[in-house]
Amino acid sequence: MRRSAIEYVEAKNLRKDVTQFRTGDSVRVHWKVKEGDKERVQAFEGVVIRKKKGHNRATFTVRKVSFGVGVERIFPVHSPRYEKIEVLTRGNVNRNRLFYLRALKGKASRVESQEDAEMRRAAASHHAAKANAS
Amino acid sequence: MKGLIGKKIGMTQVFNDEGNLVPVTVVDVNTCQVVGKRTPEKDKYSAVTLGFGEVREKNLSKAEVGFFKKNGAQLRRHVKEFRVSTEEAAGFNVGDAVKADLFTKGQLVDVTGVTKGRGFQGVMKRWKFKGSQTATRGTHEYRRHPGAIGQRKTPGRVYPNKKLPGHYGVDQVTTQNLAVVDVDVEKGLLLIKGTIAGHNDGIVIVRPSIKVALREQHKAARSK
């Protein structure tokens, strides 16, 4: 009884259109902003550096560098206040949480996309094969 | 009607209309039923008696079973009287189910519950005393003691109600002005913002906020 009632309440709050993405992905969050009685959409674009689980309380953190200043925003995954989440690139990362990005600047702070990583690997194996043959 | 009996189910978080995540306590108010009435003719005051929680006959005393049978109501585990005006009481008949739609979204309510029992506790937990401020400098009394509890030969006694160690918890506590975040009539659930006294599965009483009622009374009196 107890669990089922709580689950029922929580299930009513879940978004059904949750976009699938992973940490390291670049995303654009279309956040609805209320100004007076007008509503407009503001996009926040950056790298997902953390995803927190927790059913209806799940959140994710997006980091971007704006005018040289690092900005991080935490969004609830099931918040009714974003219109949609666009996944721009899939990142190739070896961590679940990318806090090391905070200490990096400029080129080093980029996250390699999965396509780039694949191309790099293909090139590397090509070179290795060539070296072996000669 | 002046309130409902319910069961605290537990806490969670939900998004409100503005899209903000708010903490809520889920209260189950199913099986709330009118089991008796008090009338000015017979009892010199007017009230509606509510019952809550289904129960088998063998788990009630004969006197309790007799009460429900005489009134022609179903058996209920918990019974509570709510004082209402005679006109308001006329709208309720014995056997009527009282639903969660007694309350509306956004309304302020007072919720009464019985706090968790904590047993015999010292002054730091029971009265939020600070305790010793120097944990490492060899305080002469123990770190969690209350300190001085009175004066000297005058008055030569400890004043009544002095905050001392003792039994803590299992007190009836009413939390006032909690907002109703959502009402689910079909499932018989109330979502009330914030915390409510007591453990999960504890019995709570939800009433419309008394302060809101008083404020409206004052307003009405002033405008006259």
Side-chain angles (χ1 to χ4, degrees), chain A residues 1-19 21 27-46 48-62 72-86, chain B residues 4-32 52-56 76-78 99-100 103 105 113 116 178-196 198-204 206:
Chain A
M1 177 63 222
R2 174 179 139 62
R3 275 327 300 172
S4 66
I6 295 246
E7 268 161 27
Y8 165 78
V9 169
E10 286 175 355
K12 276 212 297 194
N13 271 273
L14 299 182
R15 274 181 85 121
K16 284 165 192 78
D17 59 337
V18 173
T19 317
F21 56 87
V27 295
R28 189 182 289 146
V29 181
H30 294 258
W31 190 252
K32 288 185 245 177
V33 186
K34 259 207 179 125
E35 285 171 342
D37 44 351
K38 261 193 236 164
E39 200 179 72
R40 64 185 182 86
V41 175
Q42 196 180 53
F44 189 88
E45 192 179 319
V48 179
I49 62 165
R50 157 167 58 190
K51 281 181 80 177
K52 265 184 144 177
K53 292 179 184 180
H55 203 47
N56 62 334
R57 304 175 194 71
T59 62
F60 61 97
T61 306
V62 181
E72 287 179 18
R73 273 190 80 167
I74 302 169
F75 297 100
V77 172
H78 291 283
S79 171
R81 278 179 60 183
Y82 68 79
E83 204 170 81
K84 62 177 174 179
I85 300 171
E86 264 181 278
Chain B
L4 282 177
I5 313 174
K7 188 164 79 170
K8 175 172 165 180
I9 300 286
M11 289 194 72
T12 180
Q13 295 175 338
V14 296
F15 290 99
N16 64 6
D17 290 341
E18 281 98 61
N20 296 330
L21 207 50
V22 291
V24 294
T25 308
V26 182
V27 177
D28 178 11
V29 293
N30 274 314
T31 71
C32 243
F52 175 79
E54 277 160 7
V55 65
R56 281 178 294 171
R76 288 288 183 262
R77 189 179 289 276
H78 306 279
K99 294 275 173 61
F103 296 105
K105 210 168 161 177
K116 286 179 182 172
L178 297 172
V180 176
V181 175
D182 204 0
V183 180
D184 193 319
V185 181
E186 204 177 305
K187 293 264 175 182
L189 298 178
L190 288 176
L191 303 193
I192 297 168
K193 186 175 174 184
T195 55
I196 290 174
H199 51 75
N200 292 339
D201 286 347
I203 295 299
V204 295
V206 187

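Here is the naming used below: chain letters follow the sequence lines, and residue numbers restart at 1 for every chain.
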About how many Å separate [atom2] of [Y] and [atom1] of [X], when rounded to the nearest 0.5 Å?
X: B:Leu191; Y: A:Asn13; atom1: CG; atom2: CG; result: 8.5 Å
X: B:Thr12; Y: A:Asn56; atom1: OG1; atom2: CG; result: 4.5 Å
X: A:Ser79; Y: B:Leu21; atom1: OG; atom2: CG; result: 8.5 Å
X: B:Glu18; Y: A:Lys34; atom1: CD; atom2: NZ; result: 6.5 Å

Is the count of non-hydrogen atoms from other residues, nucleotides or ligands lying under 6.0 Å from [X] atom [atom1] greater than 12?
X: A:Lys51; atom1: NZ; value: yes
X: A:Asp37; atom1: CG; value: no
X: B:Arg56; atom1: CZ; value: no

Using non-hydrogen atoms and a 4.5 Å limit, figure out which bit of A:His55 sits close to chain B: side chain, backbone, both or neither.
neither

Name every donor-acceptor pair, under 3.5 Å, that has one atom in a side chain of residues 180-190 of chain B and the other anywhere in the protein, sequence neighbours excluded.
unit_1: B:Asp184; atom_1: OD1; unit_2: B:Glu186; atom_2: N; d: 3.3
unit_1: B:Asp184; atom_1: OD1; unit_2: B:Lys187; atom_2: N; d: 3.0
unit_1: B:Asp184; atom_1: OD2; unit_2: A:Tyr8; atom_2: OH; d: 2.5
unit_1: B:Asp184; atom_1: OD2; unit_2: A:Lys12; atom_2: NZ; d: 3.2

Under 4.5 Å from any heavy atom of chain A, what part of B:Val14 do you find: side chain, backbone, both or neither?
both

What residues, two or more places apart in sequence or in another chain, satisfy ring pair (Phe, Tyr, Trp, His ring centres under 6.0 Å) together with A:Phe21?
A:Phe60

